[in-house]
Amino acid sequence: MSLTVGGTHMLLCRAAIRRGSTKKTLHTSASRRKAIENWKRPSIEELGVPKESHAHVFTKNQRRYNLQLLTGVGIFGFTAVVAANATFVTKTPELVAVKEEAETVETEKVEIEAVEAAAVDEETAVAEAAQIAAEKALAAETIKIVAEEAEAVEAARMGAEEVAAAEAARIAAEEAAAAEAARMAAEE
């Protein structure tokens, strides 16, 4: 009681700290134990002994639970089918149906015009296809001529290399003969 600054508020806080919590407990009779005054904890001898094996009881319970599960799934499925058949989920309003019909008629008109334009364009397309075919044939012929010219240039290059190699071999042979002659002259 040395803290007198806060008055009764500080005393309540100190009391709450001593108890360990500021929350009020729900059980008011816990400290007096009037509700369970003559109660005594049962001993192991007073508890009953199981009459059936655990596996048998467990199997029986699981059979009952599985039956409940299947019943619930069946009822849910039946309810879903009935609800799907009883409700009109995709009914189109009349105004939208009229707009869709008008759009369909307009689309058919556009398709007819496209077919007529395609007939006119078909003649132009045939002429263009013939022109493209002629251009492709000309391009193939040009490629063939260019390939032949490339082969001729390659053959000429190979021939020039062979001539140069033969000339180099002749010069090397002449130099070797001259060196041999000089060596022989030096030995004499």
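Please read these numbers as outputs of a predicted model, since none were measured by experiment.
Note that CZ of Arg64 is 13.5 Å distant from CG of Leu69, once rounded to the nearest 0.5 Å. In this structure, the separation between CG on Asn61 and NE2 on His56 is 9.5 Å, given to the nearest 0.5 Å. Rounding to the nearest 0.5 Å gives a distance of 5.0 Å between CD of Gln131 and CD of Glu135. In this structure, the separation between CG on Asn66 and CG on Leu70 is 6.5 Å, given to the nearest 0.5 Å.
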Go through Glu161 and Arg157 one step at a time and tell me if the salt bridge (charged side-chain N to carboxylate O under 4.0 Å, His left out) criterion holds. CA-CA 6 Å; Glu161 285 180 2; Arg157 186 186 62 78; 2.4 Å; yes
For salt bridge (charged side-chain N to carboxylate O under 4.0 Å, His left out), just list the numbers for Arg170 and Glu167, CA-CA rounded to whole Å, side-chain angles, deciding distance to a tenth of an Å, and then say yes or no. CA-CA 5 Å; Arg170 185 187 61 78; Glu167 182 67 23; 2.2 Å; yes
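Minimum heavy-atom separation, Ile75 to Thr79: O-OG1, 2.7 Å.
Summarising the local packing, CD of Glu106 is surrounded by 12 or fewer heavy atoms from other residues, nucleotides or ligands at distances under 6.0 Å.
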